[in-house]
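Heads up: the structure comes next, in structure tokens.
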Amino acid sequence: MAKEYNFREIEKKWHRLWTERQTYKVTEDWSRRKYYVLNMFPYPSGAGLHVGHPLGYIASDIYARYKRLQGFNVLNPMGYDAYGLPAEQYAIKTGQHPEKTTFANIDRYRQQLDKIGFCFDWDREVRTCSPDYYKWTQWAFQKMFNSYFDEELQKAQPIEKFIDKFKQEGKWPDSEQEQSDLLMQHRLAFLGETMVNWCPGLGTVLANDEVVEGVSVRGGYPVEQKKMRQWCLRVSAYSQRLLDGLDTIDWSESIKETQRNWIGRSEGTEVEIPYTLSPSGEPEGAFTIFTTRADTMFGVTFFVLAPESELVDKVTTPEQRQAVDEYIKYVKSRTERERMIDHTVTGVFSGAYGINPITGDHCPIYIAEYVLAGYGTGAIMAVPAHDSRDYAFARHFGLPIIPLVEGADVSEESYDAKEGIVMNSPVSPDKSVEYDGERLCLNGLTIKQAIAETKRFVQAHGLGHIKVNYRLRDAIFSRQRYWGEPFPVYYKHGIPTMIPEQCLPIELPQVEKFLPTETGEPPLGNAKVWAWDEQNRRVVDCSAIDNKTVFPIELYTMPGFAGSSAYYLRYMDPHNNEALVSPEAAAYWQNVDLYVGGSEHATGHLIYSRFWNKFLFDLGVSKTDEPFKKLVNQGMIQGRSNFVYRIKETNTFVSLGLKDQYDVTPIHVDVNIVKNDILDLEAFKAWSPEYATADFILEDGKYVCGWAIEKMSKSMYNVVNPDMIVENYGADTLRLYEMFLGPVEQSKPWDTNGIDGCFRFLKKLWALFWDKDGNLAATDNEPSPESLKTLHKLIKKVTADIESFSYNTSISAFMVAVNELTQQKCTSRTVLGELPVLIAPFAPHIAEELWEALGNTGSVCDAKWPQFDEKYLVETSIKLGVQFNGKVRFDMLFPADATPEQMVSLATSAPEAAKYLEGMQIVKTIAIPGRIVNIVVKPQA
RNA sequence: GCCCAGAUGGUGGAAUUGGUAGACACGAGGGACUUAAAAUCCCUUGGCCAGUGAUGGCCGUACGGGUUCGAUUCCCGUUCCGGGCACCA
């Protein structure tokens with residue numbers, strides 16, 4: 001009897017041995033080079049894992065195992081992003097403490113993950129909700145509070161340095177309140193009165209990346225703008241560094257582009273515009289506009305202020321007061337969402353006029369909602385001829401339009417392109433105001449030249465200056481929730497004060513209800529023990545608050561991205577109670593070499609994390625400026641749904657091929673009772689009582705289901721649980737198949753149908769090692785040249801493919817190699833002995849078993865990755881092509897060391913070639929080394 | 001509107017980056033073994049045409065052009081799908 005591939009026993013055995021032997025435990029070892037592989041840690045949801053979740057983990061596990069076989073000391077940790085909204089909402093509904101459900105979910109995740117055979121070092125597990133962990137989240141927050149961003153050094157500095165500077169300049173205020181207010185404007189973590197995304201449905205504020213098209217990403221509740229006092233992180237200070245850093249890291253172009261868009265750098269010019277309250281009066285003040293099209297200053301026909309701008313009040317004349325007030329009222333009545341969707345032109349004349357410093361013209365100042373208060377200066381110069389928004393506005397209000405580009409037709413629409421030759425700038429020499437004997441003239445220049453020239457002119461004559469704007473906003477860092485990190489902050493007479501560093505962590509207090517209080521305070525308002533005793537340095541009961549030595553503690557908690565921003569540093573040294581990470585561990589592990597996760601975090605976690613790391617880098621805690629050297633975004637695994645077709649108003653189901661003959665309703669059917677699109681009729685009847693008495697119209701005795709690619713979700717009945725695959729095929733087959741499905745970075749549908757191919761492959765690989773009696777087949781025989789060639793071809797291909805994350809093609813190469821070796825009846829230990837090592841990254845369990853069967857001790861993980869030898873790979877058969885009126889091709893042999901020139905000469909003198917070349921003139925010969933010789937001929941004249 | 005990435009058999013996907021398109025796998029069809037099923041093994045499988053046959057010819061990588069001896073690959077234009085940004089001046 002041949003030996004059976006008993007994956008269940010093998011996998012159970014090696015899971016036990018890995019744990020016993022601590023195979024995956026990692027320590028800092030300066031004698032070996034490090035490699036840090038990281039997955040974006042999961043939020044442990046109640047639904048457990050589906051086959052899409054482990055995709056990235058498998059991809060990174062393969063790479064981690066490969067790097068280890070190459071001799072690297074590999075860190076590959078795993079943990080949980082444990083704070084989150086679902087657990088809290090479940091708590092509100094059931095009264096169950098979120099910690100309880102979170103821990104239960106974590107246990108379930110762990111069980112599922114363990115089945116797949118990852119090489120995680122679980123001793124380094126972190127959970128963001130654990131006090132040992134969030135101590136350092138709180139610590140980093142306090143460090144940000146005590147830092148400011150030095151524009152000249154372009155890095156964070158201690159806030160004391162800022163205070164000293166102010167004291168030296170004699171500007172340091174006396175009152176504590178004033179000092180606090182001044183510093184707040186510069187701290188990297190600060191309390192700010194800002195417009196926030198308030199989500200009444202969730203009862204909390206949200207960050208910009210948590211809001212899409214005016215509704216919350218989680219739950220889809222409407223979001224409105226509201227002014228609130230919130231903790232913020234001054235992410236915007238790092239805009240330029242965040243942008244520059246992108247050029248130094250190995251991320252996909254698309255995700256870098258997404259971040260560039262999000263940072264939104266735009267270089268422009270700020271220009272001072274004096275204004276008057278009458279059409280021709282003397283200046284009464286000035287405001288500043290921002291433009292990226294300084295070249296269009298001769299085409300300005302009006303100015304526009306954002307309705308929220310503080311200038312609105314100053315420029316409104318008594319005659320226009322009522323109209324302006326009504327307009328402001330109207331704008332306030334509109335939600336952010338309405339403003340985003342509805343772009344109808346609205347606005348009102350303020351009564352005032354701005355004076356264009358270049359032309360001297362008086363142009364009316366309007367107030368309109370299409371100008372945003374939060375960007376630039378909240379004021380613009382309008383050039384209707386060359387900006388589509390200004391154009392729409394000018395048309396609506398009957399304002400003049402002056403074209404400035406030769407050949408541009410602005411009778412129907414504006415000409416926005418930055419290409420062309422400038423004209424009408426000025427229309428006549430006297431329309432350009434003279435400064436220090438110089439008048440600006442742009443006529444005849446290209447637009448790009450004109451922009452540069454105007455910038456120069458404006459700066460030279462003090463009319464304005466060059467200014468870089470970023471769209472990146474400061475991150476709002478507080479949430480009105482329970483299940484998050486508490487702020488280590490108390491309020492001393494209204495002034496936010498940090499709890500001493502030595503007292504951290506401040507642990508999340510117990511509450512009876514997880515909802516906001518009746519007075520509208522956040523859930524932490526329900527906590528009884530939530531006051532800070534300054535003298536005894538501890539958290540005490542709220543009843544002790546006397547505002548002398550006992551003060552109230554902050555009721556907000558931190559947002560989801562707080563805990564996930566520096567977790568990669570904590571994995572380096574997870575049990576250290578003295579520091580986030582010891583300098584030694586940080587120096588050894590540096591940063592993440594390979595980071596694997598979804599691209600949906602492009603404008604959230606991946607920005608915050610880079611910001612957080614840059615801050616810690618400035619502090620000297622992190623050793624590198626960028627946290628993640630290489631980023632791989634695994635694609636989404638979509639579901640493949642199956643359908644049955646019920647004839648309307650009956651309980652009869654008709655097979656796919658016949659459904660067009662009836663009036664049918666497609667119904668989702670559980671993919672787990674369908675195989676190769678054939679429905680298991682009995683399982684279908686048992687699936688739901690409704691179908692117990694169903695009738696079927698079959699094709700060839702089978703019920704064929706329809707299918708469609710949709711999101712993998714419960715409601716589509718297309719969720720495939722990895723546990724089931726492991727049970728039926730084993731973890732190695734699951735791992736192989738997930739990778740065989742297609743490139744890691746690509747989204748692709750899960751289709752269990754194909755899995756048999758991978759299962760068969762493992763069975764064939766297994767069969768290579770055993771004779772018909774079940775004994776080890778490997779012998780000490782000399783390997784045949786063919787088997788050596790097969791082996792070395794495989795080593796070369798697999799090595800190159802793993803390096804480039806082309807796991808699907810390396811598995812294909814394996815399939816070919818195993819088929820070849822089977823045909824060659826290869827039993828040589830020299831060849832077979834390398835196979836377990838080569839397959840180990842992909843299918844570690846079978847690899848260990850075979851490795852052991854060959855008489856090796858220890859783990860295959862500590863084996864050495866085989867090197868290929870080019871001498872076994874030399875191609876001797878090279879194709880010759882002769883071209884004449886179409887293609888004639890045939891194979892011919894060349895010596896292995898032939899140069900291209902020799903190949904050409906040999907080819908043209910070969911007897912096979914001679915018959916094609918007879919009567920022909922050789923026009924051209926092309927030789928590609930190791931490939932092909934192409935001879936182009938034409939008939940001799 | 002702007003930016004990025006794509007489009008290859010019935011299906012998932014290969015193609016050493018300019019060198020025999022469709023590797024590998026699934027599915028399908030045919031066959032062997034078997035009382036039968038499962039498992040396993042062998043053959044065929046992009047389309048069209050010719051031939052009893054070995055085989056040969058033509059067409060084919062979204063569409064239309066171009067460069068080249070040679071294009072899935074490079075360039076220009078078009079269509080479609082996906083992703084990001086979006087009254088950002």
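Computation of the quantities below employed the complete heavy-atom set of this structure, encompassing side-chain atoms and omitting hydrogens, waters and symmetry-equivalent molecules. To find a chain, count down the sequence lines: A is the first, B the second, and so on, and within it residues start at 1.
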Worksheet item: Between A:I273 and A:G354, which heavy-atom pair has the shortest distance, and what is it?
Response: CG2-CA, 4.0 Å
Worksheet item: Reckon A:I380 touches a base, only the sugar-phosphate, or nothing at all at heavy-atom distances under 4.0 Å?
Response: base
Worksheet item: Taking CD1 from A:I263 and C1' from B:G84, how many angstroms apart are they, rounded to a whole number?
Response: 14 Å
Item to complete: For B:U67, measure the glycosidic angle (O4'-C1'-N9-C4 for a purine, O4'-C1'-N1-C2 for a pyrimidine) and name it syn if it falls within 90° of 0, otherwise anti.
Response: anti
Discussion item. Within residues 754-764 of chain A, which residues have any heavy atom lying less than 4.0 Å from an atom of RNA chain B?
Written reply: A:G754, A:G757, A:R760, A:K763, A:K764
Worksheet item: Is a side-chain donor or acceptor of A:D680 paired with a backbone partner of A:A683 at a separation under 3.5 angstrom?
Response: yes
Worksheet item: B:A89 phosphate, OP1 or OP2: any side-chain N/O from A:Y370 under 4.0 angstrom?
Response: no
Worksheet item: With a 4.5 Å limit on heavy-atom distance, are the side chains of A:Y415 and A:D409 in contact?
Response: no
Worksheet, complete the sentence: RNA chain B nearest-nucleotide lookup for A:Q259 and A:S806: closer to the 5′ end is A:S806
Worksheet item: Which listed nucleotide (B:A15, B:G13, B:C85) is nearest to the side chain of A:W262?
Response: B:C85
Worksheet item: Contact class for A:V304 vs. all strands (heavy atom < 4.0 Å): base, sugar-phosphate, or nothing?
Response: nothing
Worksheet, complete the sentence: A:Y737 OH to B:U11 C1', in whole Å, measures 10 Å
Worksheet entry | Pairwise 5' ranking along RNA chain B for A:E253 and A:V345, keeping only the more 5' one | A:E253
Discussion item. OP1 or OP2 of B:C2 versus the side-chain N and O atoms of A:N261: is any pair under 4.0 Å?
Written reply: no
Worksheet item: Do the two ring centres, one from A:F7 and one from A:W766, sit under 6.0 Å apart?
Response: no
Discussion item. Within the structure provided, determine whether A:E727 and A:R8 are in side-chain contact (heavy-atom separation under 4.5 Å).
Written reply: yes
Worksheet entry | Intermediate values then yes/no, ring pair (Phe, Tyr, Trp, His ring centres under 6.0 Å), A:F302 and A:F393 | CA-CA 10 Å; A:F302 54 100; A:F393 195 86; 5.4 Å; yes
Worksheet item: Would you say the side chains of A:S252 and A:E745 form a donor-acceptor pair under 3.5 Å?
Response: no
Discussion item. Under 4.0 Å, counting only non-hydrogen atoms across every strand here, what does A:R473 touch: a base, just sugar-phosphate, or nothing?
Written reply: base
Discussion item. By the 4.0 Å heavy-atom rule, please label A:P749 as base, sugar-phosphate, or nothing.
Written reply: nothing
Worksheet entry | Separation between the C1' atoms of B:U11 and B:G83, rounded to whole Å | 24 Å
Discussion item. Please give me the minimum heavy-atom distance between A:V704 and A:S655, naming the atom from each residue.
Written reply: N-OG, 2.9 Å
Fill in: Side chains of A:T346 and A:E369, donor plus acceptor under 3.5 Å
yes
Worksheet item: Ion pair present between A:D677 and A:R640, side-chain N to carboxylate O less than 4.0 angstrom?
Response: yes
Response to the item:
Winner on side-chain proximity to A:F740, out of B:A89, B:C3, B:G12, is B:G12
Worksheet item: Which nucleotide in the set B:C3, B:A89, B:C24 lies at the smallest distance from any side-chain heavy atom of A:V816?
Response: B:C24
Item to complete: Could you list by number each residue of residues 290-299 of chain A showing a heavy-atom separation from RNA chain B of less than 4.0 Å, or answer none if no residue does?
Response: A:F290, A:T291, A:T292, A:R293
Worksheet item: Which of the following nucleotides, B:A25, B:C4, B:G13, is nearest to the side chain of A:P743?
Response: B:G13
Worksheet item: What nucleic acid atoms does A:N753 come within less than 4.0 Å of, heavy atoms only: base, sugar-phosphate, or nothing?
Response: sugar-phosphate
Discussion item. Taking the ring of A:Y366 and the ring of A:F303, is the distance between their centroids below 6.0 Å?
Written reply: no
Worksheet item: How long is the line joining CD of A:E308 and P of B:C87, in whole Å?
Response: 13 Å
Worksheet item: Which value, in whole Å, describes the distance between the P atoms of nucleotides B:G18 and B:C74?
Response: 7 Å
Worksheet item: For A:D295 and A:T454, does a side-chain donor sit closer than 3.5 Å to a side-chain acceptor?
Response: no
Practice prompt. Taking atom P in both B:C42 and B:G66, compute the distance separating them and give it to the nearest angstrom.
Written response: 47 Å
Worksheet item: Using a 3.5 Å cut-off on both pairing distances, which stems of three or more Watson-Crick or G-U pairs include RNA chain B?
Response: B:1-4 with B:82-85, B:10-12 with B:24-26, B:27-32 with B:40-45, B:46-50 with B:55-59, B:62-66 with B:74-78
Worksheet item: Charged N to carboxylate O below 4.0 Å: is that the case for A:E870 and A:K796?
Response: yes
Discussion item. I'd like the C1' distance from B:G27 over to B:G64, given in whole Å.
Written reply: 35 Å
Worksheet item: Does B:G9 adopt a syn or an anti glycosidic conformation, taking syn as a chi angle within 90° of 0?
Response: syn
